[in-house]
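Have a look at the structure below before the remarks.
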Amino acid sequence: MRTVFVNGEYLKENEANISIFDRGFLFGDAVYEVTAVLGGKLAEFDNHMNRLKRSLGELDMALEMDKDSLLAMHRELVVRNNIEEGAIYLQISRGAADRDFLFPSDETPTTIVAFTQEKSLIDTPLAKRGMKVNLVEDLRWQRSDIKTVQLLYSSLMKSRAHKAGADDVWLARDGMVTEGSSNNAYIVTYDGEIITRPLSTDILHGITRQSLLSYIQKEGLKLTERAFSIEEAKAAKEAFVTSASAFVIGVISIDGEAIGDGKVGSMTKALREIYINETLKALI
């Protein structure tokens with residue numbers, strides 16, 4: 001049984017609880033981060049905490065714990081749960097107060113919870129075979145840059161995709177791909193150009209995206225940050241996604257149409273290897 005963290009306490013998961021008046025429960029008024037664990041150490045922790053700080057700031061939400069305290073808590077959860085590979089989920093809500101659309105007073109303490117998930121991240125069947133995605137209209141609220149827990153639409157679309165035999169969805173708006181249900185989207189042209197949508201309020205400012213783009217530039221590969229169309233995606237040589245727990249995963253088909261030769265491409269494989277190797281060097 002896992003040990004989890006709730007508001008400063010380490011508890012067995014069946015003993016943990018939060019108030020029914022918590023605003024994360026009532027309004028989705030909460031943000032989160034997922035930090036990968038590799039070899040019992042944390043990946044990209046500082047970058048995740050920097051994004052957390054940004055999300056909190058965008059929502060005028062306070063945080064009682066500083067970065068050092070959050071780091072100590074993450075490490076303690078790794079030790080207590082004996083996690084070698086997996087992830088730590090951290091969620092911060094505005095706290096518990098009687099239901100009202102207005103934010104509660106600044107004196108209301110936030111709710112902080114965290115727990116571990118043990119799973120393979122490097123050696124995964126999906127990374128080897130690639131994922132199949134279906135295209136759906138992007139009907140989410142238009143602040144996708146804030147990592148909130150408002151994930152119902154993405155969850156609904158991904159669940160429907162699974163029922164239809166796909167692994168995930170790519171969301172599109174006005175004929176242009178925005179991102180995946182929980183990942184950033186990329187294509188690779190037959191000229192070797194890597195294309196991904198630029199940062200804006202339309203997409204999550206992915207931590208894996210941020211690091212991978214820096215590695216791409218260091219390798220001297222051709223990179224363009226611009227929106228790409230559904231037609232371009234289907235005509236690409238390769239496609240892939242990035243996320244904190246999947247790293248780099250190839251996309252082998254869109255709406256049942258094969259991308260390239262229908263297999264994970266050589267560029268995607270190389271980028272996954274580069275990302276994993278660089279990440280392993282910087283674990284804390």
Closest approach of [X] and [Y], non-hydrogen atoms and distance?
{"X": "Ala236", "Y": "Tyr190", "value": "C-CE1, 3.8 Å"}
{"X": "Ile203", "Y": "Arg209", "value": "CD1-NE, 4.2 Å"}
{"X": "Ile259", "Y": "Ala239", "value": "CG2-N, 3.9 Å"}
{"X": "Ala62", "Y": "Ile92", "value": "O-CG2, 4.5 Å"}
{"X": "Ser243", "Y": "Ser182", "value": "CB-O, 3.6 Å"}
{"X": "Phe247", "Y": "Ala244", "value": "CE2-O, 3.4 Å"}

Hey, what do you get for [atom1] ([X]) to [atom2] ([Y]), rounding to the nearest 0.5 Å?
{"X": "Asp98", "Y": "Arg23", "atom1": "CG", "atom2": "CZ", "value": "11.0 Å"}
{"X": "Ser200", "Y": "Gln142", "atom1": "OG", "atom2": "CD", "value": "10.0 Å"}
{"X": "Ile83", "Y": "Glu118", "atom1": "CD1", "atom2": "CD", "value": "4.0 Å"}
{"X": "Glu44", "Y": "Thr35", "atom1": "CD", "atom2": "OG1", "value": "9.5 Å"}
{"X": "Asn277", "Y": "Arg272", "atom1": "CG", "atom2": "CZ", "value": "11.0 Å"}
{"X": "Phe27", "Y": "Thr148", "atom1": "CZ", "atom2": "OG1", "value": "14.5 Å"}

Any chance the side chains of [X] and [Y] put a donor and an acceptor closer than 3.5 Å?
{"X": "Ser181", "Y": "Asp168", "result": "yes"}
{"X": "Asp202", "Y": "Ser144", "result": "no"}
{"X": "Ser69", "Y": "Asp66", "result": "yes"}

Is there a path of hydrophobic side-chain contacts, each under 4.5 Å between heavy atoms, that joins [X] and [Y]?
{"X": "Leu126", "Y": "Val264", "value": "no"}
{"X": "Ile230", "Y": "Val241", "value": "yes"}
{"X": "Leu38", "Y": "Ile284", "value": "no"}
{"X": "Leu52", "Y": "Ile112", "value": "yes"}
{"X": "Leu283", "Y": "Val78", "value": "no"}

In terms of side-chain geometry, is the basic nitrogen of [X] or [Y] positioned less than 4.0 Å from the acidic oxygen of its partner?
{"X": "Lys234", "Y": "Asp255", "answer": "yes"}
{"X": "Arg173", "Y": "Glu137", "answer": "no"}
{"X": "Arg140", "Y": "Glu179", "answer": "yes"}
{"X": "Asp145", "Y": "Arg54", "answer": "yes"}
{"X": "Lys281", "Y": "Glu278", "answer": "yes"}
{"X": "Lys222", "Y": "Asp191", "answer": "no"}
{"X": "Asp167", "Y": "Lys132", "answer": "no"}

Short question: side chain of [X], backbone of [Y] - any donor-acceptor pair under 3.5 Å?
{"X": "Arg2", "Y": "Thr116", "result": "yes"}
{"X": "Thr279", "Y": "Tyr275", "result": "yes"}
{"X": "Glu85", "Y": "Ile122", "result": "yes"}
{"X": "Ser214", "Y": "Ser211", "result": "yes"}
{"X": "Ser120", "Y": "Thr124", "result": "no"}
{"X": "Thr196", "Y": "Ala185", "result": "yes"}
{"X": "Thr178", "Y": "Leu171", "result": "yes"}

Heavy-atom check, side chain of [X] versus side chain of [Y], under 4.5 Å:
{"X": "Val113", "Y": "Val4", "result": "no"}
{"X": "Asn183", "Y": "Thr242", "result": "no"}
{"X": "Glu33", "Y": "Arg51", "result": "yes"}
{"X": "Arg94", "Y": "Thr108", "result": "no"}
{"X": "Leu77", "Y": "Phe115", "result": "no"}
{"X": "Val37", "Y": "Ile88", "result": "yes"}
{"X": "Arg197", "Y": "Glu225", "result": "no"}
{"X": "Met73", "Y": "Leu90", "result": "yes"}

ask   = Are Glu232 and Arg226 close enough, and set up right, to give a salt bridge (Lys or Arg N to Asp or Glu O under 4.0 Å), and what steps lead you there?
value = CA-CA 12 Å; Glu232 285 181 288; Arg226 67 165 176 83; 2.7 Å; yes

ask   = What's the verdict on side chain to side chain contact (heavy atoms under 4.5 Å, CB included) for Gln117 and Ser245, showing C-alpha distance, side-chain angles and the deciding distance?
value = CA-CA 11 Å; Gln117 292 180 300; Ser245 57; over 6 Å; no

query = Hey, does the Lys NZ or Arg CZ of Arg99 hover above the aromatic six-ring of Phe21, less than 6.0 Å from the centre and inside 45° of the axis?
reply =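 That pair does not qualify as a cation-pi contact.
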
Evaluation steps, side chain to side chain contact (heavy atoms under 4.5 Å, CB included), between Asp29 and Val149 = CA-CA 7 Å; Asp29 189 1; Val149 299; over 6 Å; no

query = When you look at Phe5 and Leu70, which way does the side chain to side chain contact (heavy atoms under 4.5 Å, CB included) test go after all the steps?
reply = CA-CA 11 Å; Phe5 178 90; Leu70 288 168; over 6 Å; no

Near [X] [atom1], under 6.0 Å, is it more than 12 heavy atoms from other residues, nucleotides or ligands?
{"X": "Glu273", "atom1": "CD", "result": "no"}
{"X": "Arg160", "atom1": "CZ", "result": "no"}
{"X": "Lys67", "atom1": "NZ", "result": "yes"}
{"X": "Asp174", "atom1": "CG", "result": "no"}
{"X": "Phe25", "atom1": "CZ", "result": "no"}

message = Evaluate Tyr32 against Tyr89 for ring-ring contact (aromatic ring centres under 6.0 Å, His included), listing each step before the verdict.
response = CA-CA 7 Å; Tyr32 76 101; Tyr89 177 90; 5.4 Å; yes

message = Check for me whether the distance between the ring centres of Phe228 and Tyr186 falls short of 6.0 Å.
response =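 Not close enough - the centres of the two rings lie 6.0 Å or further apart.
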
key: Working for side chain to side chain contact (heavy atoms under 4.5 Å, CB included), residues Ile216 and Lys218   = CA-CA 5 Å; Ile216 288 171; Lys218 286 179 182 178; over 6 Å; no

